[in-house]
Amino acid sequence: GAEPMLGGGPGGACRARRLYVSFREVGWHRWVIAPRGFLANYCQGQCALPAALSGPGGPPALNHAVLRALMHAAAPGAADLPCCVPARLSPISVLFFDNSDNVVLRQYEDMVVDECGCR
Amino acid sequence: TRAPVPPGPATDALLQALGLHDAPQGAPRLRPVPPLMWRLFRRRDPQETWSGSRRTSPGVTLQPCHVEELGVAGNIVRHIPDRGAPTRAPEPASAAGHCPEWTIIFDLSAVEPAERSSLARLELRFEAAEAPEGGWELSVALAGQGAGASPGLVLLRQAVPILGPPVRAELLGAAWGRNASWPRSLRLALALRPRAPAACARLAEASLLLVTLDPRLCHPLARPRR
């Protein structure tokens with residue numbers, strides 16, 4: 001399940017959007033013991049000024065991102081806007097049966113988007 | 001709700017991202033999940049769906065690629081059951097001193113060469129009608145190939161004062177080199193001898209708890225420190 005993706009055009013400012021990955025939907029629910037799914041989330045939104053300056057509580061803006069947003073504001077054709085990408089991520093653990101009927105617990109780093117930022 | 005996603009490039013890519021070559025084929029042989037595995041999972045993922053916070057309690061941050069409860073580095077923990085159990089004939093009652101030896105077999109084909117082991121713990125449950133004076137002695141050796149072959153190199157000997165709680169034997173270090181690669185199938189010969197005349201014990205269950213670190217899935221290790 002996911003928030004409806006923003007179509008093209010300006011859309012809202014860069015931030016994390018909800019995306020839930022269900023192991024049942026990808027057909028792994030017979031061999032994944034837990035969890036049933038996880039909130040992976042994703043980043044989307046505009047990185048024009050002032051969003052590139054990042055709102056309250058967001059990650060510190062990268063100077064380069066601000067510079068690019070300024071260049072774009074001054075000469076739209078000269079430089080692309082910064083990109084809205086993950087700025088802080090968290091791990092998940094998955095408990096499952098493998099092909100040899102072992103019970104396996106694996107940790108996966110950087111699987112959940114906690115914060116997005118303009119880069 | 002939507003129909004499940006048919007297997008294809010997208011799910012293959014997700015599997016690969018999770019370091020798995022393919023989804024287990026068919027329904028796995030469901031068996032109870034060992035309490036330790038549940039505990040390790042819940043310690044890292046107290047909610048069924050992850051809320052994105054990496055704290056177990058306020059102020060505590062979990063180290064990446066580390067198994068706190070076992071105190072070792074690692075990002076893969078496997079509970080591997082003994083494959084020899086079903087084929088093991090029930091022990092005949094034998095006189096003291098001639099206790100049987102058991103061959104236990106662990107399927108390690110899922111362990112990849114890139115994985116570095118940090119813990120390999122045998123967990124054994126015995127049953128005995130009596131407790132001999134001075135307890136028991138456990139010996140673990142590499143099993144010979146083929147039925148009836150004599151055991152190979154003795155990996156460890158360990159005193160076992162009482163039978164009741166599971167007997168744990170650490171294979172890494174003295175018995176098995178930390179950097180040694182694992183065979184696809186590990187065959188061990190076990191013997192449990194009473195230190196004083198007594199009836200023999202019976203091996204009720206054997207499993208191997210193997211913790212490894214796959215550096216490819218451990219980004220903090222790969223990320224250069226500024």
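Only heavy atoms go into these numbers, but all of them, side chains included; no hydrogens, no water, no symmetry mates. Proteins get letters first, then strands, A, B, ... in listed order; numbering begins at 1 in each.
For the pair A:Leu95 and B:Trp38, the minimum side-chain heavy-atom distance is below 4.5 Å. Contact annotation: the side chain of A:Glu109 approaches that of B:Cys65 to within less than 4.5 Å [non-hydrogen atoms, C-beta and beyond]. Looking only at side-chain heavy atoms (C-beta outward), A:Val104 and B:Val77 stay at 4.5 Å or farther from each other. With a 4.5 Å cut-off on side-chain heavy atoms, A:Gln107 and B:Val67 count as touching.
How far SG of B:Cys218 is from CG of A:Asp110: 10.0 Å, rounded to the nearest 0.5 Å. Distance check, rounded to the nearest 0.5 Å: OH of A:Tyr108 to CD1 of B:Ile76 gives 7.0 Å.
Shortest non-hydrogen contact noted between B:Phe41 and A:Pro35 is CZ-N, 3.6 Å. What you find for A:Arg106 and B:Leu217 is that their closest heavy atoms are NH2-CD1, 3.3 Å.
Partner A:Ser100 forms a side-chain contact (heavy atoms from CB on, under 4.5 Å) with one of B:Asp107, B:Val111, B:Leu108 and no other, that one being B:Asp107.
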Practice problem: Report the C-alpha distance between B:Arg83 and A:Asp101 in whole Å, list the side-chain angles of each, state the deciding distance to 0.1 Å, and finish with yes or no for side-chain contact (heavy atoms from CB on, under 4.5 Å). | Solution: CA-CA 10 Å; B:Arg83 296 216 166 245; A:Asp101 289 339; 4.2 Å; yes
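B:Arg78 places no side-chain N or O within 3.5 Å of a backbone atom of A:Asp98 that could act as its donor or acceptor partner.
Heavy-atom pairs under 4.5 Å with chain B peak, among A:Asn41, A:Leu105, A:Val94, at A:Leu105.
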